[in-house]
Amino acid sequence: MFVALFVALSALATAAQAIEPIKISRDDVALDLSGAVEIYRNRGSNFQVSTAPGIDGIVRRIEVEAKDQQSTGDWAVFALANTTDQQIDRLIVAPHFRLVGSGLIWPDLGSRRIAAITPSEGFALDRQEAPDADVFLLTLNPGVVVTFVADLASPRVPQVYLWEPEAYKDTVNSYTLYRGIVIGIAGLLALFLTILFVVKGTSMFPATAALAWAVLAYICVDFGFLTKVIEIAPGNEQFWRASTEIALAGTFVVFLFAYLNLNRWHGHFSYGAIAWILGLGLIAGVALIDPPVAAGIARMSFAATALIGVGLVIYLGLQGYDRAIMLVPSWIMVLVWLFAAWMTITGTLDNDIVQPALGGGLILIILLIGFTVMQHAFSGGALHQGLFSDMERQALAITGSGDIVVDWDVMRDRVVTRPDVAEMIGLPANSLQGPARSWLPVLHADDRDNFRTTLDIVLEHRRGRISIDFRMRGADGHYRWFMMRARPVIGSDGEIIRCVGTMIDVTEQKKAEERLLHDAVHDNLTGLPNRGLFLNRLDTVISIAQTQETVRPTVFVIDIDRFKQVNEALGMSAGDTILLTVARRLARLMKTGDSLSRLSGDQFGLILLSEPNPARIAAFADAIRQAIRSPINYAKRDIVLTASVGLISWTAPQTSAEELVKDAELAMQQAKRFGGDRIEPFRPAFRSFGSDRLQLESDLRRALERNEFRLAYQPIIRLEDNSVAGFEALLRWEHPRRGVIPPAEFIPIAESCDLIVQLGLYAMQTAAEDLSSWHKQIGETPLSVSVNLSSRQLLRQDLVADVRSALARANLNPLYFRLEMTESLIMENPERSVYVLDKLRETGIGLSLDDFGTGYSSLSYLTRFPFDTIKIDKSFIDDQSPKKPMLLKSIVGMAHDLGLSVVAEGVSTEEDALQLRQMGCEFVQSFMFGQPMTSEAVTKMLKEQFPLTQA
């Protein structure tokens with residue numbers, strides 16, 4: 001019982017694995033077996049398979065042995081059932097090549113598909129002679145089910161059809177007729193275009209003929225006609241098919257390049273096209289080794305050319321290029337064909353008609369392209385009758401207008417002008433009566449290319465008009481402007497035989513236009529550029545500065561102080577004369593590259609490019625002030641003027657010209673607030689002057705009473721052992737509503753409203769008391785504190801007394817107390833500064849020169865000031881130029897030679913710190929070595945650093 005059950009289950013399993021037979025009848029003309037074929041991969045030369053259930057329902061097991069050397073080890077199995085009571089003869093057809101589903105990359109280029117077919121009963125099927133398909137004749141007896149095992153010669157079988165023999169023969173004959181017609185049309189078209197190329201030697205004709213021959217070759221291979229002309233060894237079909245696709249892609253590129261004449265528009269198009277074609281030539285060599293790879297690249301090249309052609313046709317068509325416009329219908333058909341081909345090779349379109357239809361579509365494309373090219377070949381015609389009628393009337397009209405008649409005989413390349421233009425410009429008579437190129441040496445250098453290109457375009461297009469303005473140099477060396485208007489005369493062969501027109505002397509008109517243009521961007525009184533041109537030039541300079549490190553412009557805004565009073569006292573005429581004098585004086589200060597402008601009534605703008613060095617910029621600014629202060633003699637009286645000068649140097653790449661000028665104007669206005677006759681560099685705090693300035697000033701007056709100010713201390717570190725050498729006291733305003741306000745915003749307001757002295761006294765007193773407190777807790781160690789000094793404090797008579805009072809109240813040794821000031825601060829009044837600094841030095845305190853290298857002082861002054869320390873500005877540390885180490889080493893060496901200590905600010909990397917230490921720099925101060933901190937935080941840090949020195 002169990003044995004019977006096992007046999008039954010085995011039979012059921014075997015039946016489940018058997019294939020389903022396809023039932024055929026006498027009425028079936030053509031059946032597509034592709035979906036019913038089961039493929040078995042890598043089964044070797046012997047293959048076993050279960051048959052379809054027979055009439056009796058029994059499933060048998062058969063074994064088939066490969067009988068062909070081309071066998072791949074892959075097998076295909078299908079089953080047919082004759083449900084009729086008559087014998088049926090059919091043909092099994094497997095095409096060698098099928099474009100449908102062939103693929104874009106590594107496409108299937110066709111090959112022999114089936115080596116042999118063995119039925120489950122009877123003998124192997126007989127192969128029928130067919131050049132482009134594997135055809136086997138089979139006979140099915142009535143009421144039988146036969147399983148067929150196909151020994152595959154190729155891993156892919158794109159299609160298997162079961163044909164009624166006569167129907168297949170009729171289909172082959174019909175396709176043969178269609179293919180013959182298409183090949184005949186393609187051959188005639190290629191031959192005609194070749195003849196056209198012989199007659200017309202322009203580059204577009206050989207390119208079109210080559211494209212036509214490539215299409216003919218492709219169709220011959222695709223339609224199987226090539227095998228009838230030459231003998232192709234089995235297996236070489238793929239090479240020929242790939243070669244024709246490469247030829248089609250290459251000639252397509254050549255046609256697009258030659259027809260649109262791309263080398264006339266841009267020279268690099270020629271290099272691109274040559275590289276593309278050479279690349280396809282190399283791919284042709286690849287076709288010998290791996291035809292599918294070569295064909296895939298050719299197909300992608302064809303598609304890329306079509307898409308690039310779309311862009312070129314649209315762009316050139318919008319430019320009015322007639323060839324591009326005429327190519328639009330042809331290119332639309334190319335795109336339609338390309339879309340249909342893409343749907344075919346991806347398998348979206350799947351029928352037997354699409355492949356020959358695409359071949360016919362290629363012929364239609366070439367036919368339309370041929371018509372387009374022939375339109376160029378046969379354009380033109382005989383001269384219209386009456387073209388030269390009314391000649392005398394036209395001659396009288398030209399003579400009356402005074403125009404010069406120009407006649408260019410293109411065939412002989414001879415130009416004749418009447419009257420002679422050479423005599424008009426002082427050259428020997430008839431010296432310009434000759435080839436068109438003889439005009440080039442007389443033309444202005446800037447007009448030669450335009451003149452030559454205009455003539456070339458007219459000759460190439462064989463239509464249009466010549467309309468060009470150019471300058472000709474006379475015997476006296478001066479240039480005269482001429483306007484030429486001419487039109488071509490077309491001969492019967494479509495070529496230009498003459499160009500006839502007129503020339504007019506338009507020198508006076510051009511001069512008037514130049515004067516109008518000059519007046520539009522220049523000041524009428526001084527002749528200097530106006531504000532618009534000044535901003536335009538500054539934008540250009542900024543663009544250059546963003547790419548060239550050597551270009552660093554400085555913008556000056558110069559405003560004459562109280563000039564309104566001069567106008568009121570002496571009159572507007574006197575004011576204009578004085579402004580002219582000031583403009584001339586400023587112009588004499590400028591060098592090559594600098595630019596001066598009159599921005600408004602008594603306001604001038606200046607772009608300084610010749611002096612990038614800060615010290616020289618300061619000297620130039622002082623020269624501006626001195627030039628304006630020099631007395632101006634008018635109406636037997638000396639007039640002394642002063643000016644407020646604002647300046648800003650370009651540093652930020654995102655800054656625009658408008659912003660630079662606005663910042664320089666803010667600095668100039670700040671100089672006026674300080675009383676005029678002053679040079680003021682721009683500081684970001686100047687932007688705060690505005691609607692909230694009065695409110696900030698009011699809050700600032702109450703801030704001291706409310707104890708809103710704090711001191712933050714940033715450590716100064718010894719590079720030798722990374723110990724704390726001291727601190728810089730930084731003033732902070734903790735506004736109850738706005739939060740912490742940076743010093744750059746409230747210090748300028750404090751200076752302008754006389755509160756800076758109180759803030760300075762607070763900072764000195766608090767810093768001295770904090771340092772005294774630290775000394776009491778950790779012992780008297782070499783620890784110092786630095787306080788920044790403002791301009792008002794430096795020039796104040798009681799500064800020395802204020803310092804002594806702060807030290808006395810805090811009971812602090814003067815040795816540990818320091819004052820810091822910038823170069824620009826001490827240079828506002830150098831003589832006064834030397835006197836005050838000497839008095840401060842006598843008290844025993846230290847003096848530091850802050851932001852060294854960014855101010856405007858001369859090095860000669862450095863020896864006169866009693867500083868003991870200089871602080872190198874952060875900009876020198878951040879500099880990434882190769883000259884940075886040499887510059888830093890020079891600064892450190894100079895400071896040591898003068899007996900000064902050096903503090904480097906803004907050090908952000910260990911590499912910079914090590915480099916500075918090796919140069920001999922003693923101290924550093926930056927966020928990397930210590931953030932600004934409160935007095936309590938400093939106390940805690942010092943107790944950790946000096947535990948053994950605590951009292």
Side-chain angles (χ1 to χ4, degrees), residues 34 37 39 41 70 72 74 76 94-114 131-134 152-161 179 214-227 232-253 276 279-307 334-362 365:
S34 303
V37 174
I39 306 297
R41 304 288 184 189
Q70 294 184 355
T72 60
D74 297 335
H96 289 172
F97 173 74
R98 197 164 186 259
L99 187 63
V100 175
S102 61
L104 178 61
I105 303 175
W106 284 286
D108 181 5
L109 298 181
S111 64
R112 187 179 175 190
R113 303 298 181 178
I114 300 176
D132 54 357
D134 294 323
L152 299 184
S154 171
R156 295 185 61 180
V157 183
Q159 186 185 65
V160 178
Y161 253 87
R179 290 169 178 173
V215 169
L216 177 61
Y218 174 81
I219 291 176
C220 287
V221 172
D222 191 50
F223 287 177
F225 180 74
L226 188 64
T227 57
I232 299 178
N236 289 345
E237 298 90 348
Q238 293 187 352
F239 166 74
W240 287 100
R241 191 175 300 278
S243 298
T244 55
E245 291 191 10
I246 293 171
L248 185 60
T251 54
F252 195 44
V253 174
W276 198 324
L280 289 174
L282 294 176
I283 296 302
V286 176
L288 292 170
I289 305 171
D290 195 340
V293 172
I297 296 175
R299 292 181 179 185
M300 289 188 288
S301 171
F302 190 92
T305 306
L307 297 177
V334 168
L335 294 178
V336 172
W337 186 91
L338 185 66
F339 180 70
W342 175 77
M343 295 181 67
T344 301
I345 65 176
T346 56
T348 306
L349 288 177
D350 187 3
N351 56 64
D352 294 333
I353 301 176
V354 64
Q355 183 171 336
L358 286 175
L362 273 179
I365 291 173

Task: Point-to-point distance, once rounded to the nearest 0.5 Å, from CZ of Arg113 to CZ of Arg98 - done: 10.5 Å
- [ ] Looking only at non-hydrogen atoms, find the nearest pair between Gln355 and Leu99 and report the distance.
- [x] OE1-N, 2.9 Å
Task: Result of checking Asp350, Leu349, Thr348 against Thr346 for side chain to side chain contact (heavy atoms under 4.5 Å, CB included) - done: Thr348
Open item on the list: Between Asp134 and Ile114 (side chain of the first, backbone of the second, donor and acceptor by atom type, cut-off under 3.5 Å), is there such a pair?
Closed with: yes
Open item on the list: My understanding is that only residues two or more places apart in sequence, or in another chain, count here; which of them pass ring-ring contact (aromatic ring centres under 6.0 Å, His included) with Trp337?
Closed with: Phe302
- [ ] Please answer whether the main-chain N or O of Ala298 pairs with a side-chain N or O of Glu245 as donor and acceptor at a distance below 3.5 Å.
- [x] no
Open item on the list: If you compare all heavy atoms of Pro158 against all heavy atoms of Ser34, which two are closest, and at what distance to 0.1 Å?
Closed with: O-OG, 4.1 Å
- [ ] State plainly whether the residues Arg179 and Asp222 are in salt-bridge range, i.e. N to O under 4.0 Å.
- [x] no
- [ ] State, to 0.1 Å, how close Ala295 and Pro107 come at their nearest heavy-atom pair, and which atoms those are.
- [x] CB-CG, 3.9 Å
Open item on the list: Give me the atom names and distance for the closest heavy-atom approach of Trp276 to Thr305.
Closed with: CZ2-OG1, 3.4 Å
- [ ] Using atom types as modelled and distance alone, determine if a side-chain donor or acceptor of Ser301 lies under 3.5 Å from a backbone N or O of Ile297.
- [x] no
Task: Leu248 side chain reached by Val215 side chain, heavy atoms, under 4.5 Å - done: yes
TODO: Show the numbers, then the answer: is there a side-chain hydrogen bond (donor to acceptor under 3.5 Å, both in side chains) between Arg299 and Ser102?
DONE: CA-CA 12 Å; Arg299 292 181 179 185; Ser102 61; 3.1 Å; yes
